[in-house]
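Here the structure comes first, spelled out in C-alpha cells, and everything after it is commentary.
As the structure is a prediction and not an experimental result, all values here were calculated from the model.
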Amino acid sequence: MIGSSLAETGLIGTERYAEEVTSIAHQRNVERYYAHRREDPDKLRLLAEYGELEIVRPELPLELELLRGPVAAELISLPSSVLRTLPLVLAGTGVEITVCAEATTWLRPRTSQRAAAFLDEVTAIRPTTSWDPR
C-alpha cells in the first residue's frame, strides 16, 4: 500500500486514517506500507502495530524506489500526486495500481474545495483499477 500525508495536512483525522488503512490492510492482505516522506512516525507505529504492516520509508522518491527492487503484483494507493507519475514509471512491468477511491469520503468537512478537487482529480486518473470496499 502506498501511504499519504492526508492526516499530516489535516485533511483526514489521524485516528480515522489509521483505522481505515488498517481495515483495508486486513481486507486486502496488505503486508507492506510505503510511507510518504512527511508521515508522522507515531502514525506509522500505529499502522505497523494495528495493521500488522511492514513500514517502508523509501530513501528515494517512491517512483525510483519501486524501480530498484521487487514490487508486488498490485499496489494499492490512496489519493496522491504519485498517481500521476507511478503509472508511467511502472508501465510494462505488469504491476497493477489500484486506487482506494473511498479515501475521498474520509475527508474532514472543513476540507477546502481546492484540496478535495485535487484528490478527486488524481483518484479519477484510475491508472489500472479503482477499489471501493463498500
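Ionic pairing of Glu49 and Arg45 is not present here: no N-O contact between side-chain nitrogen and carboxylate oxygen is shorter than 4.0 angstrom. Electrostatic pairing of Glu8 and Arg37 does not count as a salt bridge here, judged by no charged N lying under 4.0 Å from a carboxylate O.
A continuous path of ILVMFWY side-chain contacts below 4.5 Å connects Leu86 to Val95, so both sit in one hydrophobic cluster. Taking hydrophobic clusters as Ile, Leu, Val, Met, Phe, Trp and Tyr residues chained together by side-chain heavy-atom distances below 4.5 Å, Val122 shares a cluster with Leu107. No continuous path of ILVMFWY side-chain contacts below 4.5 Å connects Tyr50 to Val21, so the two sit in separate hydrophobic clusters. Leu44 and Leu46 are not part of a single hydrophobic cluster, where members link through side-chain heavy atoms under 4.5 Å apart.
With contacts defined as side-chain heavy-atom distances shorter than 4.5 Å, the pair Glu20/Glu102 qualifies. The side-chain heavy atoms of Ile12 and Arg108, taken from C-beta on, include no pair separated by under 4.5 Å. Side chains of Arg28 and Met1 form no contact here, defined as non-hydrogen atoms less than 4.5 Å apart. Val82 is listed as a side-chain neighbour of Glu63, based on a closest heavy-atom distance under 4.5 Å. Inter-residue side-chain proximity for Val89 and Leu67 is flagged as met; some heavy-atom pair is nearer than 4.5 Å. With contacts defined as side-chain heavy-atom distances shorter than 4.5 Å, the pair Leu75/Leu66 qualifies.
Distance alone, capped at 3.5 Å, places no donor-acceptor pair between the Tyr17 side chain and the Lys43 backbone.
A distance of 5.5 Å separates CG in Leu6 from CG in Leu11, rounded to the nearest 0.5 Å. Going from atom CG of Asn29 over to atom CD of Glu52 covers 10.5 Å, rounded to the nearest 0.5 Å. Distance CG/Leu53 to OH/Tyr34: 12.0 Å, rounded to 0.5 Å. To the nearest 0.5 Å, the span separating CG on Leu78 from CD1 on Ile24 amounts to 6.0 Å.
Donor-acceptor pairing under 3.5 Å is lacking for the side chains of Ser23 and Glu19. No side-chain N or O of Glu39 forms a donor-acceptor pair with one of Ser5 less than 3.5 Å apart.
Minimum heavy-atom separation, Ile76 to Cys100: CG2-CB, 4.4 Å. The minimum heavy-atom distance linking Ser112 with Ala115 is given by the pair OG-N, 3.1 Å. Closest non-hydrogen pair, Tyr33 versus Ser4, comes out as OH-N, 3.7 Å. Ala116 approaches Thr111 most closely through the heavy-atom pair N-CG2, 4.1 Å.
Applying the side chain to side chain donor-acceptor pair (under 3.5 Å) criterion to Thr9, with sequence neighbours excluded, gives no partner residue.
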